[in-house]
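In each ligand, atom 1 is the first atom listed, and ligand 1 is the first ligand listed.
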Amino acid sequence: MLNKVDGGAATILMVGEDACQKTVGPAEAFDAVEQVFAAMASGDAWNFPVVRENLGHADAVYGFKSGFDRAGLNLGVKSGGYWPGNMDKGLTNHQSTVMLFDPDTGRLSALVGGNYLTAVRTAASSSVSIAHLARKDAKVLGMIGAGHQAGFQLRAAARQRDFERVVAWNPHPDMLPKLGAVAEELGLPFEAVSAEDVGAQADVIITITSAFEPLMMRDWVKAGTHIACMGTDTKGKQEVDPALVAAARVFTDEIAQSVSIGETQHAVGAGLIGEGDITPIGAVINGTAEGRQSDDQITLFDGTGVGLQDLAVAAVAAEKAQAEGLAGEVTL
Ligand code: NAD
């Protein structure tokens, strides 16, 4: 238990970005995210309504993602948003902090930096989908996107299958060498190709862009491909052809988010699929729903990003940082 109660005073752990990086790698994030997806599907964990507001100041968008995992005993909130002017100040545009609370008393137990954890928990989400849905013999990893998140996605995906090479496309080709360097570090040959060729060659595709129109078309994707759509997390964003969503067996982290702000919003809006066609990945993890049904089937995971993922990895960071002497403490 993180919160040490001493009389009336409580000790709050302070876990900085550095401590998060030292304590939560792809393996820890995978386990935490897989467990919480399973808890969501069994009804033990749920996300609270998301708050997201334009501040009318510094062009910033600010909000809260929160929830409770009764199985993992994680209660809390990620607070943060997007400040487009930060880059000019030498800061990351996305800024967030996770607050964890003792579910038995409601007292604050930890403040955890959320910037690095957001990237690692998002990458864990697609890697959980690859672990459970991609063909076991997948050899070629395809990347659509080459921004901040893409390197994390590549690292986490590479752990799940014996990939032999990476093919990638990005709307801004000058960003691809940075992603290529990550592949090289992992010992994977890397080739920049057209988006169509990513579809033709890849057995697993990850899309992680800020696109508002389809970048991957139905006819480009081979039978048996697994595609993880990770960039669409807002109304209006879109990365793939709705016909591709309709052709696939579709999975998500949370159905309510998927149909409203996730990749399936377009296929559902066009009447190509309904909510009943979408399976929570947690049900596959729990063994209560089928995953991939044949080697020829296209599987598609819509990773929208839920607050419980943030709480799950923040709790691991706090526990490990405390155990390893990497956390500060204040008493309130
Ligand atoms: P980034 O700004 O570092 O990179 C943006 C990427 O999108 C680059 O590949 C860029 O070339 C591409 N891009 C930019 N504008 C585009 C446009 N108009 N059309 C097509 N592509 C465009 O961003 P990032 O941190 O790598 O995040 C990528 C996406 O992932 C964002 O949309 C972000 O909101 C989303 N995201 C999702 C989750 C989740 O849990 N699902 C979590 C974090 C971020």
Which pairs count as ring-ring contact (aromatic ring centres under 6.0 Å, His included) when at least one residue sits in residues 67-100, sequence neighbours excluded?
Trp46-Phe68, Tyr82-His94

Residues in contact with ligand 1, criterion: heavy atom under 4.0 Å:
Arg121, Thr122, Gly145, Ala146, Gly147, His148, Gln149, Asn170, Pro171, His172, Met175, Ile208, Thr209, Ser210, Ala211, Met230, Gly231, Asp233, Lys237, Gly303, Thr304, Gly305

Residues two or more places apart in sequence or in another chain: which of them pass salt bridge (Lys or Arg N to Asp or Glu O under 4.0 Å) with Asp137?
Arg135

Side chains of Gln153 and Thr122, donor plus acceptor under 3.5 Å
no

Report yes if the side chains of Ile144 and Ile208 come closer than 4.5 Å at any heavy-atom pair, otherwise no.
no

Ring pair (Phe, Tyr, Trp, His ring centres under 6.0 Å) partners of Tyr62, counting only residues at least two apart
Phe64

Between Thr97 and Ser79, is any side-chain donor less than 3.5 angstrom from a side-chain acceptor?
no

